[in-house]
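Quick notes on the structure that follows.
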Amino acid sequence: MDHFALNGGVMHAEDVPLPEIAEVVGTPVYVYSRATLERHAQVFRDALADVPDKLIAFAVKSNPNLAVLKVLGAQGMGADVVSVGEMRRALAAGIAPEMIVFSGVGKTAAEMTAALEAGIGQFNIESEEEGLELAAIAAAKGLTAQCTLRINPDVDAGTHDKISTGKADNKFGVPISEAGQIFGKLAGLPGVNLRGVAVHIGSQLADLAPLETAFEKLGALVAALRSAGHTITHVDLGGGLGVPYRMGEVLPAPAEYGAMVARVTKDWGVKLIFEPGRVIAGNAGVLLTRVVRVKRGIKDPFVIVDAAMNDLARPALYGAYHHFEAVEPSAAQMTANIVGPICETGDTFAMGRECDALEAGDLAVFRTAGAYGATMASSYNSRGFVAEVLVDGDRFAVVADRIEAGAIMDAERVPEWLL
Ligand SMILES: *Cc1c(COP(=O)(O)O)cnc(C)c1O
(Lines give C-alpha, C1' and ligand atoms only; values in the text may rest on other atoms or scores of the structure.)
Protein backbone atom coordinates (compact mmCIF):
# COMPACT_ATOMS: atom_id res chain seq x y z
CA MET A 1 0.00 0.00 0.00
CA ASP A 2 1.20 3.51 -0.76
CA HIS A 3 0.07 7.10 -0.29
CA PHE A 4 -0.08 8.26 -3.92
CA ALA A 5 -3.72 8.54 -4.95
CA LEU A 6 -6.25 10.70 -6.74
CA ASN A 7 -8.08 13.21 -4.60
CA GLY A 8 -10.60 15.45 -6.34
CA GLY A 9 -9.26 14.26 -9.70
CA VAL A 10 -5.66 15.24 -8.89
CA MET A 11 -2.94 12.85 -7.80
CA HIS A 12 -1.61 13.62 -4.35
CA ALA A 13 1.37 12.38 -2.38
CA GLU A 14 -0.24 12.06 1.04
CA ASP A 15 -2.04 15.45 1.34
CA VAL A 16 0.08 17.36 -1.16
CA PRO A 17 -1.18 17.78 -4.74
CA LEU A 18 1.61 16.85 -7.16
CA PRO A 19 1.05 19.95 -9.36
CA GLU A 20 2.08 22.06 -6.36
CA ILE A 21 5.42 20.24 -6.15
CA ALA A 22 5.94 20.59 -9.92
CA GLU A 23 5.21 24.30 -9.63
CA VAL A 24 7.64 24.92 -6.77
CA VAL A 25 10.47 22.47 -7.57
CA GLY A 26 10.10 21.94 -11.30
CA THR A 27 10.19 18.63 -13.18
CA PRO A 28 11.43 15.97 -13.41
CA VAL A 29 11.47 15.34 -9.67
CA TYR A 30 11.33 12.27 -7.45
CA VAL A 31 8.63 12.47 -4.78
CA TYR A 32 8.80 10.21 -1.71
CA SER A 33 6.11 9.64 0.90
CA ARG A 34 7.23 9.48 4.51
CA ALA A 35 4.04 7.67 5.56
CA THR A 36 4.65 4.99 2.93
CA LEU A 37 8.27 4.47 3.96
CA GLU A 38 7.19 4.14 7.59
CA ARG A 39 4.37 1.78 6.73
CA HIS A 40 6.66 -0.48 4.69
CA ALA A 41 9.22 -0.53 7.51
CA GLN A 42 6.48 -1.51 9.95
CA VAL A 43 5.00 -4.20 7.68
CA PHE A 44 8.44 -5.76 7.25
CA ARG A 45 9.10 -5.63 10.99
CA ASP A 46 5.69 -7.15 11.78
CA ALA A 47 6.30 -9.90 9.22
CA LEU A 48 9.36 -10.95 11.22
CA ALA A 49 7.67 -10.79 14.62
CA ASP A 50 8.35 -14.52 15.09
CA VAL A 51 12.10 -14.06 14.62
CA PRO A 52 13.30 -13.26 18.13
CA ASP A 53 16.79 -11.88 17.56
CA LYS A 54 17.26 -9.77 14.42
CA LEU A 55 18.65 -6.68 12.73
CA ILE A 56 16.81 -5.18 9.77
CA ALA A 57 19.40 -3.24 7.79
CA PHE A 58 17.98 -1.13 4.96
CA ALA A 59 19.90 -1.63 1.70
CA VAL A 60 21.17 1.93 1.26
CA LYS A 61 21.96 1.43 -2.42
CA SER A 62 18.23 1.26 -3.20
CA ASN A 63 17.66 4.81 -1.94
CA PRO A 64 20.59 6.57 -0.25
CA ASN A 65 18.88 9.94 0.24
CA LEU A 66 19.78 11.30 3.69
CA ALA A 67 16.20 12.23 4.58
CA VAL A 68 14.99 8.76 3.58
CA LEU A 69 17.71 7.18 5.74
CA LYS A 70 16.69 9.45 8.60
CA VAL A 71 13.06 8.29 8.34
CA LEU A 72 14.08 4.62 8.24
CA GLY A 73 16.68 4.97 10.98
CA ALA A 74 13.96 6.36 13.24
CA GLN A 75 12.01 3.16 12.47
CA GLY A 76 14.80 1.19 14.09
CA MET A 77 16.45 0.10 10.88
CA GLY A 78 20.17 -0.34 10.48
CA ALA A 79 21.94 -0.01 7.13
CA ASP A 80 23.42 -2.40 4.60
CA VAL A 81 26.11 -0.46 2.74
CA VAL A 82 28.29 -1.36 -0.24
CA SER A 83 30.77 1.52 -0.18
CA VAL A 84 32.28 3.98 2.24
CA GLY A 85 30.16 6.67 0.61
CA GLU A 86 27.04 4.79 1.69
CA MET A 87 28.50 4.17 5.15
CA ARG A 88 29.04 7.90 5.61
CA ARG A 89 25.45 8.57 4.58
CA ALA A 90 24.12 6.04 7.10
CA LEU A 91 26.25 7.56 9.87
CA ALA A 92 25.23 11.09 8.85
CA ALA A 93 21.58 10.01 9.10
CA GLY A 94 22.21 8.99 12.70
CA ILE A 95 22.27 5.21 12.21
CA ALA A 96 24.50 3.67 14.89
CA PRO A 97 27.73 2.12 13.57
CA GLU A 98 26.88 -1.20 15.28
CA MET A 99 23.80 -1.39 13.04
CA ILE A 100 25.79 -1.03 9.81
CA VAL A 101 26.65 -4.05 7.66
CA PHE A 102 29.22 -3.70 4.87
CA SER A 103 28.65 -5.90 1.79
CA GLY A 104 30.30 -5.86 -1.63
CA VAL A 105 32.95 -7.74 -3.61
CA GLY A 106 35.39 -4.88 -4.06
CA LYS A 107 35.93 -3.25 -0.68
CA THR A 108 39.25 -1.42 -0.96
CA ALA A 109 41.86 -1.32 1.82
CA ALA A 110 40.95 2.34 2.38
CA GLU A 111 37.27 1.44 2.71
CA MET A 112 37.93 -1.42 5.12
CA THR A 113 40.13 0.87 7.21
CA ALA A 114 37.47 3.59 7.34
CA ALA A 115 34.77 1.08 8.27
CA LEU A 116 36.96 -0.45 11.03
CA GLU A 117 37.67 3.01 12.41
CA ALA A 118 33.95 3.84 12.36
CA GLY A 119 33.30 0.65 14.36
CA ILE A 120 30.67 -0.85 12.05
CA GLY A 121 28.76 -3.90 13.24
CA GLN A 122 29.57 -6.41 10.53
CA PHE A 123 31.63 -7.04 7.40
CA ASN A 124 30.19 -9.54 4.93
CA ILE A 125 33.39 -11.00 3.47
CA GLU A 126 32.96 -12.00 -0.17
CA SER A 127 36.19 -13.93 -0.81
CA GLU A 128 39.14 -15.61 0.90
CA GLU A 129 41.37 -12.85 -0.52
CA GLU A 130 39.23 -10.12 1.02
CA GLY A 131 39.13 -11.93 4.37
CA LEU A 132 42.94 -12.19 4.47
CA GLU A 133 43.31 -8.50 3.66
CA LEU A 134 40.71 -7.38 6.20
CA ALA A 135 42.29 -9.54 8.91
CA ALA A 136 45.71 -8.04 8.23
CA ILE A 137 44.41 -4.46 8.30
CA ALA A 138 42.44 -5.01 11.51
CA ALA A 139 45.22 -6.90 13.29
CA ALA A 140 47.73 -4.15 12.46
CA LYS A 141 45.41 -1.68 14.15
CA GLY A 142 44.79 -3.95 17.13
CA LEU A 143 41.11 -4.16 16.15
CA THR A 144 38.75 -7.06 15.54
CA ALA A 145 36.39 -7.02 12.57
CA GLN A 146 33.05 -8.73 13.21
CA CYS A 147 32.43 -10.82 10.10
CA THR A 148 30.27 -13.24 8.23
CA LEU A 149 31.35 -15.12 5.11
CA ARG A 150 29.07 -14.53 2.13
CA ILE A 151 28.12 -17.79 0.47
CA ASN A 152 27.17 -18.24 -3.17
CA PRO A 153 24.54 -20.98 -2.81
CA ASP A 154 24.26 -21.65 -6.57
CA VAL A 155 20.53 -20.97 -6.68
CA ASP A 156 18.79 -19.39 -9.65
CA ALA A 157 16.61 -16.66 -8.17
CA GLY A 158 14.52 -16.53 -11.36
CA THR A 159 14.94 -12.78 -11.71
CA HIS A 160 16.54 -10.57 -14.37
CA ASP A 161 20.10 -11.74 -15.15
CA LYS A 162 21.62 -8.38 -14.23
CA ILE A 163 20.17 -8.47 -10.70
CA SER A 164 20.71 -12.16 -10.04
CA THR A 165 23.57 -12.70 -7.57
CA GLY A 166 23.41 -16.27 -6.26
CA LYS A 167 24.29 -18.39 -9.28
CA ALA A 168 27.64 -20.20 -9.30
CA ASP A 169 29.05 -18.00 -12.08
CA ASN A 170 28.03 -14.69 -10.41
CA LYS A 171 30.83 -12.67 -8.82
CA PHE A 172 29.34 -12.69 -5.32
CA GLY A 173 30.37 -14.74 -2.28
CA VAL A 174 32.38 -17.95 -2.07
CA PRO A 175 31.15 -21.19 -3.67
CA ILE A 176 29.16 -23.17 -1.14
CA SER A 177 31.26 -26.24 -1.98
CA GLU A 178 34.40 -24.44 -0.73
CA ALA A 179 32.74 -22.54 2.12
CA GLY A 180 33.80 -24.93 4.91
CA GLN A 181 37.44 -24.88 3.89
CA ILE A 182 37.59 -21.07 3.44
CA PHE A 183 35.71 -20.51 6.69
CA GLY A 184 38.27 -22.68 8.50
CA LYS A 185 41.16 -20.72 7.04
CA LEU A 186 39.73 -17.29 7.91
CA ALA A 187 38.26 -18.16 11.31
CA GLY A 188 41.68 -18.74 12.84
CA LEU A 189 43.13 -15.36 11.87
CA PRO A 190 43.78 -12.57 14.34
CA GLY A 191 41.87 -9.40 13.44
CA VAL A 192 38.61 -11.14 12.52
CA ASN A 193 35.83 -12.72 14.50
CA LEU A 194 34.18 -14.87 11.85
CA ARG A 195 30.84 -15.52 13.50
CA GLY A 196 28.50 -16.57 10.73
CA VAL A 197 27.49 -16.70 7.10
CA ALA A 198 25.56 -14.47 4.69
CA VAL A 199 23.59 -14.88 1.50
CA HIS A 200 21.83 -12.59 -1.01
CA ILE A 201 20.64 -14.29 -4.18
CA GLY A 202 19.19 -11.39 -6.14
CA SER A 203 16.62 -8.64 -6.34
CA GLN A 204 12.96 -8.29 -7.37
CA LEU A 205 12.31 -11.93 -6.47
CA ALA A 206 8.79 -12.94 -7.45
CA ASP A 207 8.92 -16.38 -5.87
CA LEU A 208 9.91 -17.48 -2.37
CA ALA A 209 11.03 -20.97 -3.45
CA PRO A 210 14.59 -20.04 -4.52
CA LEU A 211 15.03 -18.05 -1.30
CA GLU A 212 13.86 -21.00 0.76
CA THR A 213 16.25 -23.31 -1.11
CA ALA A 214 19.14 -20.91 -0.43
CA PHE A 215 18.22 -20.60 3.25
CA GLU A 216 18.01 -24.38 3.62
CA LYS A 217 21.46 -24.77 2.07
CA LEU A 218 22.71 -22.13 4.49
CA GLY A 219 21.13 -23.99 7.44
CA ALA A 220 22.93 -27.19 6.43
CA LEU A 221 26.18 -25.24 6.15
CA VAL A 222 25.70 -23.76 9.63
CA ALA A 223 25.28 -27.30 11.02
CA ALA A 224 28.39 -28.48 9.18
CA LEU A 225 30.45 -25.52 10.41
CA ARG A 226 29.34 -26.20 13.98
CA SER A 227 30.28 -29.86 13.65
CA ALA A 228 33.70 -28.69 12.54
CA GLY A 229 33.99 -26.79 15.83
CA HIS A 230 33.08 -23.26 14.73
CA THR A 231 30.84 -20.98 16.78
CA ILE A 232 28.06 -19.58 14.62
CA THR A 233 26.00 -16.78 16.13
CA HIS A 234 24.93 -14.66 13.13
CA VAL A 235 23.33 -15.41 9.77
CA ASP A 236 22.60 -12.67 7.22
CA LEU A 237 19.73 -13.55 4.87
CA GLY A 238 20.16 -10.55 2.55
CA GLY A 239 17.30 -8.78 0.77
CA GLY A 240 15.62 -9.34 -2.56
CA LEU A 241 11.87 -9.42 -1.90
CA GLY A 242 10.08 -8.14 -5.00
CA VAL A 243 7.40 -5.46 -5.26
CA PRO A 244 4.49 -5.05 -7.67
CA TYR A 245 5.37 -2.73 -10.57
CA ARG A 246 2.18 -3.43 -12.52
CA MET A 247 -1.29 -2.62 -11.27
CA GLY A 248 -2.88 -5.77 -9.87
CA GLU A 249 0.38 -7.74 -9.89
CA VAL A 250 0.63 -10.01 -6.84
CA LEU A 251 3.97 -10.83 -5.25
CA PRO A 252 4.80 -12.78 -2.12
CA ALA A 253 3.75 -10.61 0.82
CA PRO A 254 6.29 -9.76 3.51
CA ALA A 255 4.14 -11.83 5.90
CA GLU A 256 4.58 -14.95 3.72
CA TYR A 257 8.31 -14.28 3.54
CA GLY A 258 8.45 -13.84 7.32
CA ALA A 259 6.55 -17.08 7.93
CA MET A 260 8.91 -18.97 5.61
CA VAL A 261 11.97 -17.48 7.34
CA ALA A 262 10.63 -18.29 10.80
CA ARG A 263 9.91 -21.89 9.74
CA VAL A 264 13.26 -22.53 8.03
CA THR A 265 15.42 -20.88 10.70
CA LYS A 266 13.59 -21.85 13.90
CA ASP A 267 16.31 -24.19 15.17
CA TRP A 268 19.32 -22.18 14.06
CA GLY A 269 19.81 -20.33 17.35
CA VAL A 270 21.41 -17.28 15.75
CA LYS A 271 20.80 -13.58 15.31
CA LEU A 272 19.35 -13.01 11.83
CA ILE A 273 20.22 -10.00 9.70
CA PHE A 274 17.94 -8.82 6.88
CA GLU A 275 18.85 -6.37 4.10
CA PRO A 276 15.61 -5.23 2.43
CA GLY A 277 15.82 -2.38 -0.06
CA ARG A 278 13.24 -2.35 -2.83
CA VAL A 279 10.40 -3.71 -0.66
CA ILE A 280 10.80 -0.74 1.68
CA ALA A 281 11.46 2.10 -0.77
CA GLY A 282 10.13 1.00 -4.18
CA ASN A 283 6.49 1.96 -3.86
CA ALA A 284 7.27 4.90 -1.56
CA GLY A 285 8.34 7.07 -4.49
CA VAL A 286 7.21 8.32 -7.90
CA LEU A 287 9.03 10.19 -10.63
CA LEU A 288 6.97 13.26 -11.49
CA THR A 289 7.44 14.44 -15.07
CA ARG A 290 5.88 16.85 -17.56
CA VAL A 291 4.95 16.07 -21.14
CA VAL A 292 7.13 18.16 -23.45
CA ARG A 293 5.37 17.26 -26.66
CA VAL A 294 3.26 14.59 -28.28
CA LYS A 295 4.69 13.57 -31.64
CA ARG A 296 2.77 11.70 -34.31
CA GLY A 297 4.17 8.22 -34.98
CA ILE A 298 3.77 5.75 -37.85
CA LYS A 299 1.62 3.68 -35.54
CA ASP A 300 1.29 5.05 -31.99
CA PRO A 301 2.12 8.62 -30.97
CA PHE A 302 5.29 9.35 -28.97
CA VAL A 303 4.60 10.99 -25.63
CA ILE A 304 7.90 12.79 -25.01
CA VAL A 305 8.34 13.54 -21.29
CA ASP A 306 10.98 15.69 -19.59
CA ALA A 307 12.29 12.72 -17.56
CA ALA A 308 14.77 10.46 -19.30
CA MET A 309 16.91 7.36 -18.91
CA ASN A 310 19.48 9.43 -17.03
CA ASP A 311 16.87 10.15 -14.32
CA LEU A 312 15.28 6.66 -14.23
CA ALA A 313 17.59 4.05 -15.71
CA ARG A 314 15.70 0.84 -14.94
CA PRO A 315 13.72 0.58 -18.20
CA ALA A 316 16.89 1.13 -20.27
CA LEU A 317 19.03 -1.12 -18.04
CA TYR A 318 16.68 -4.03 -17.39
CA GLY A 319 13.73 -3.47 -19.71
CA ALA A 320 11.85 -2.74 -16.48
CA TYR A 321 8.17 -1.81 -16.41
CA HIS A 322 7.04 1.32 -14.55
CA HIS A 323 3.34 2.10 -14.38
CA PHE A 324 2.72 5.49 -16.03
CA GLU A 325 -0.31 7.65 -15.35
CA ALA A 326 -1.59 11.20 -15.60
CA VAL A 327 -1.59 13.42 -12.53
CA GLU A 328 -4.97 14.87 -13.61
CA PRO A 329 -6.51 12.12 -15.71
CA SER A 330 -9.57 12.64 -17.89
CA ALA A 331 -11.52 9.47 -18.58
CA ALA A 332 -9.80 9.22 -21.98
CA GLN A 333 -7.09 6.68 -22.72
CA MET A 334 -4.47 6.44 -25.44
CA THR A 335 -1.93 3.94 -26.73
CA ALA A 336 1.47 5.60 -26.79
CA ASN A 337 5.21 5.17 -26.89
CA ILE A 338 6.54 6.91 -23.79
CA VAL A 339 10.01 8.30 -24.34
CA GLY A 340 12.50 10.78 -22.92
CA PRO A 341 14.43 13.45 -24.83
CA ILE A 342 17.83 11.68 -24.80
CA CYS A 343 19.48 10.89 -28.10
CA GLU A 344 19.37 7.14 -27.73
CA THR A 345 16.64 4.69 -28.59
CA GLY A 346 17.30 3.11 -25.17
CA ASP A 347 15.64 6.22 -23.72
CA THR A 348 12.25 4.54 -24.04
CA PHE A 349 10.06 3.95 -21.00
CA ALA A 350 7.38 1.98 -22.82
CA MET A 351 6.22 1.06 -26.34
CA GLY A 352 2.58 0.66 -27.27
CA ARG A 353 1.47 1.38 -23.70
CA GLU A 354 -2.21 1.77 -22.89
CA CYS A 355 -2.29 4.85 -20.64
CA ASP A 356 -4.18 8.01 -19.70
CA ALA A 357 -4.56 10.44 -22.60
CA LEU A 358 -1.92 13.17 -22.33
CA GLU A 359 -1.10 16.40 -24.08
CA ALA A 360 1.88 18.75 -24.09
CA GLY A 361 2.22 20.44 -20.68
CA ASP A 362 0.39 17.71 -18.72
CA LEU A 363 1.96 16.15 -15.64
CA ALA A 364 2.39 12.40 -15.25
CA VAL A 365 4.13 9.97 -12.92
CA PHE A 366 6.17 6.83 -13.20
CA ARG A 367 5.24 4.78 -10.17
CA THR A 368 7.41 2.49 -8.03
CA ALA A 369 10.40 4.76 -8.51
CA GLY A 370 11.46 5.03 -4.87
CA ALA A 371 14.09 2.29 -5.18
CA TYR A 372 16.90 2.17 -7.76
CA GLY A 373 15.59 5.47 -9.15
CA ALA A 374 17.36 8.71 -8.26
CA THR A 375 20.34 6.73 -6.99
CA MET A 376 21.09 5.47 -10.50
CA ALA A 377 20.79 8.91 -12.09
CA SER A 378 23.54 10.28 -14.30
CA SER A 379 24.10 13.53 -16.14
CA TYR A 380 24.10 11.93 -19.60
CA ASN A 381 23.29 14.40 -22.38
CA SER A 382 24.35 17.15 -19.91
CA ARG A 383 20.96 17.04 -18.25
CA GLY A 384 22.04 17.59 -14.65
CA PHE A 385 20.91 15.54 -11.66
CA VAL A 386 17.23 15.19 -10.82
CA ALA A 387 15.81 16.75 -7.62
CA GLU A 388 14.15 14.78 -4.79
CA VAL A 389 11.28 15.78 -2.51
CA LEU A 390 9.94 14.19 0.69
CA VAL A 391 6.27 14.62 1.56
CA ASP A 392 4.99 14.39 5.13
CA GLY A 393 1.24 14.89 5.48
CA ASP A 394 0.42 18.31 4.03
CA ARG A 395 4.02 19.55 3.91
CA PHE A 396 6.95 18.79 1.66
CA ALA A 397 10.63 19.61 1.43
CA VAL A 398 13.33 19.39 -1.21
CA VAL A 399 15.65 16.66 0.13
CA ALA A 400 18.08 16.74 -2.81
CA ASP A 401 18.67 19.86 -4.87
CA ARG A 402 18.53 19.63 -8.60
CA ILE A 403 22.17 19.83 -9.74
CA GLU A 404 22.08 21.88 -12.90
CA ALA A 405 24.18 20.92 -15.91
CA GLY A 406 26.10 24.18 -15.46
CA ALA A 407 27.27 23.15 -11.97
CA ILE A 408 28.65 19.91 -13.39
CA MET A 409 30.44 21.84 -16.13
CA ASP A 410 31.89 24.12 -13.44
CA ALA A 411 33.72 21.09 -11.99
CA GLU A 412 35.50 20.50 -15.31
CA ARG A 413 38.87 22.04 -16.22
CA VAL A 414 40.49 22.76 -19.55
CA PRO A 415 44.25 22.34 -19.07
CA GLU A 416 46.48 25.32 -19.73
CA TRP A 417 48.14 23.57 -22.66
CA LEU A 418 44.84 23.54 -24.53
CA LEU A 419 44.22 27.25 -24.10
C1 LIG B 1 21.16 -4.91 -3.44
C2 LIG B 1 21.37 -5.69 -2.20
C3 LIG B 1 20.35 -5.81 -1.25
C4 LIG B 1 18.97 -5.22 -1.44
O5 LIG B 1 18.24 -5.87 -2.42
P6 LIG B 1 16.68 -5.53 -2.61
O7 LIG B 1 16.28 -6.38 -3.75
O8 LIG B 1 16.58 -4.09 -2.90
O9 LIG B 1 16.00 -5.91 -1.34
C10 LIG B 1 20.63 -6.48 -0.08
N11 LIG B 1 21.85 -7.04 0.15
C12 LIG B 1 22.85 -6.95 -0.76
C13 LIG B 1 24.14 -7.57 -0.44
C14 LIG B 1 22.64 -6.28 -1.95
O15 LIG B 1 23.62 -6.22 -2.85
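Because the structure is predicted, anything quoted here is derived from the model rather than measured.
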Could you tabulate the donor-acceptor pairs under 3.5 Å formed by side-chain atoms of residues 257-270, not counting sequence neighbours?
unit_1, atom_1, unit_2, atom_2, d
R263, NH1, E212, OE2, 2.9
T265, OG1, V261, O, 2.7
W268, NE1, V264, O, 3.3

Let me check something: any side-chain donor-acceptor pairs from residues 183-190 under 3.5 Å, sequence neighbours excluded? List them with distances.
unit_1, atom_1, unit_2, atom_2, d
K185, NZ, E128, OE2, 2.9

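- Sorted by first and then second residue, the side chain to side chain donor-acceptor pair (under 3.5 Å) pairs with a member in residues 338-356 read Q333-D356, T335-E354, E344-Y380; sequence neighbours excluded.
- In this structure, CG in L363 is found 12.5 Å from CD in E325, a value given to the nearest 0.5 Å.
- Side chains of H40 and Q42: no donor on one and acceptor on the other come within 3.5 Å.
- Remark: the backbone N or O of I232 is paired with a side-chain donor or acceptor of R226 at under 3.5 angstrom.
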Exercise for the section: Start with the C-alpha distance between V43 and V279, add both sets of side-chain angles, then the distance that settles side-chain contact (heavy atoms from CB on, under 4.5 Å), and finish with yes or no. Expected result: CA-CA 10 Å; V43 166; V279 74; over 6 Å; no
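- Judged purely by distance below 3.5 Å, without hydrogens or angles, the side chains of N170 and N152 never pair a donor atom with an acceptor atom.
- Residues F324 and V365 form no side-chain contact, since every pair of their non-hydrogen atoms from C-beta on lies 4.5 Å or further apart.
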Exercise for the section: Run the numbers on V305 and V339 for side-chain contact (heavy atoms from CB on, under 4.5 Å), then give the verdict. Expected result: CA-CA 6 Å; V305 296; V339 301; over 6 Å; no
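- Contact check on K167 versus D161 returns a salt bridge, with a Lys/Arg side-chain nitrogen under 4.0 Å from an Asp/Glu carboxylate oxygen.
- Residues R314 and H322 bring a donor and an acceptor atom of their side chains to less than 3.5 Å of each other.
- Judged by distance alone, the side chain of E130 and the main-chain N or O of E126 form a donor-acceptor pair under 3.5 Å.
- Counting heavy atoms from C-beta on, the side chains of Y30 and V286 never come closer than 4.5 Å.
- Residues that satisfy the side chain to side chain donor-acceptor pair (under 3.5 Å) test with E256, not counting sequence neighbours, are absent from this structure.
- Under the salt bridge (Lys or Arg N to Asp or Glu O under 4.0 Å) criterion, D394 pairs with no residue at all, not counting sequence neighbours.
- Although no hydrogens or angles enter the test, the distance criterion places no donor-acceptor pair under 3.5 Å between the side chain of N337 and the main chain of M351.
- For T165 (side chain) and G202 (main-chain N/O), a donor-acceptor pair under 3.5 Å exists by modelled atom type.
- Annotation: F366 is in aromatic contact with F349 [ring centroid separation under 6.0 Å].
- Residues satisfying the side chain to side chain donor-acceptor pair (under 3.5 Å) criterion with N310, sequence neighbours excluded, are R383.
- In this structure, the separation between CD on Q146 and OG1 on T233 is 8.0 Å, given to the nearest 0.5 Å.
- For A118, the side chain to side chain contact (heavy atoms under 4.5 Å, CB included) test picks out M87, L91, I120, with sequence neighbours left out.
- For the pair L241 and P254, the tightest heavy-atom approach, listed with the atom from each and the gap, is CD2-CA, 3.9 Å.
- Contact check for S62 versus T375: no side-chain heavy atoms found under the 4.5 Å cut-off.
- Scanning for side chain to side chain donor-acceptor pair (under 3.5 Å) contacts around K141 gives E117, with sequence neighbours left out.
- Using a distance-only test at 3.5 Å, with no hydrogens or angles considered, a donor-acceptor pair links the side chain of N65 to the main chain of V399.
- Between the side chain of R150 and the backbone N or O of H200 there is at least one donor-acceptor pair closer than 3.5 Å.
- Rounded to the nearest 0.5 Å, atoms CG (L287) and OG1 (T27) are 9.0 Å apart.
- Donor-acceptor pairing under 3.5 Å is recorded for the side chains of N283 and T368.
- What you find for V192 and C147 is that their closest heavy atoms are CG1-SG, 4.0 Å.
- In this structure the side chain of V71 reaches within 4.5 angstrom of the side chain of E38, judged on heavy atoms.
- The shortest distance between side-chain heavy atoms of L221 and V197 falls below 4.5 Å.
- Judged by a 6.0 Å distance limit and a 45° cone about the ring axis, K61 is not positioned over the six-membered ring of Y372.
- Taking the side chain to side chain contact (heavy atoms under 4.5 Å, CB included) definition, one finds that E404 meets it with R402, sequence neighbours left out.
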Exercise for the section: Would you please test T231 and R195 for side-chain contact (heavy atoms from CB on, under 4.5 Å) and show each step? Expected result: CA-CA 6 Å; T231 304; R195 61 188 192 182; over 6 Å; no
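- Donor-acceptor pairing under 3.5 Å is recorded for the side chains of E275 and N124.
- A side-chain N or O of D306 and one of T289 form a donor-acceptor pair less than 3.5 Å apart.
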Compile the donor-acceptor pairs under 3.5 Å between side chains in residues 9-21 and protein atoms, sequence neighbours left out, one pair per line.
unit_1, atom_1, unit_2, atom_2, d
H12, ND1, V10, O, 2.8
E14, OE1, G393, N, 2.5
E14, OE2, S33, OG, 2.7
E14, OE2, R34, N, 3.1
E14, OE2, A35, N, 2.8

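- Pairs engaging residues 73-99 under the side chain to side chain donor-acceptor pair (under 3.5 Å) rule: R45-Q75, D80-S103 [sequence neighbours left out].
- Taking 4.5 Å as the limit, some side-chain heavy atom of I201 sits within range of a side-chain heavy atom of P210.
- At least one donor-acceptor pair closer than 3.5 Å links the side chain of N381 to the backbone N or O of C343.
- Side-chain N/O atoms of R278 and S203 include a donor and acceptor closer than 3.5 Å.
- Proximity of a side-chain donor or acceptor of H234 to a complementary backbone N or O of G196 within less than 3.5 Å is not detected.
- In this structure, the separation between CZ on F44 and CZ on R39 is 14.5 Å, given to the nearest 0.5 Å.
- The shortest distance between side-chain heavy atoms of L37 and L72 falls below 4.5 Å.
- Take E412 and apply the side chain to side chain donor-acceptor pair (under 3.5 Å) test, not counting sequence neighbours, and it matches no residue.
- Taking 4.5 Å as the limit, every side-chain heavy atom of L211 sits out of range of all side-chain heavy atoms of T213.
- Counted within 6.0 Å of CG on D50, heavy atoms from surrounding residues, nucleotides or ligands total 12 or fewer; the atom is thus considered open.
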Handout entry: Residue pair V235, I273: steps toward the side-chain contact (heavy atoms from CB on, under 4.5 Å) verdict
Key = CA-CA 6 Å; V235 176; I273 295 104; over 6 Å; no
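- Of the possible polar contacts, one joining the D207 side chain to the A209 backbone as a donor-acceptor pair under 3.5 Å is found.
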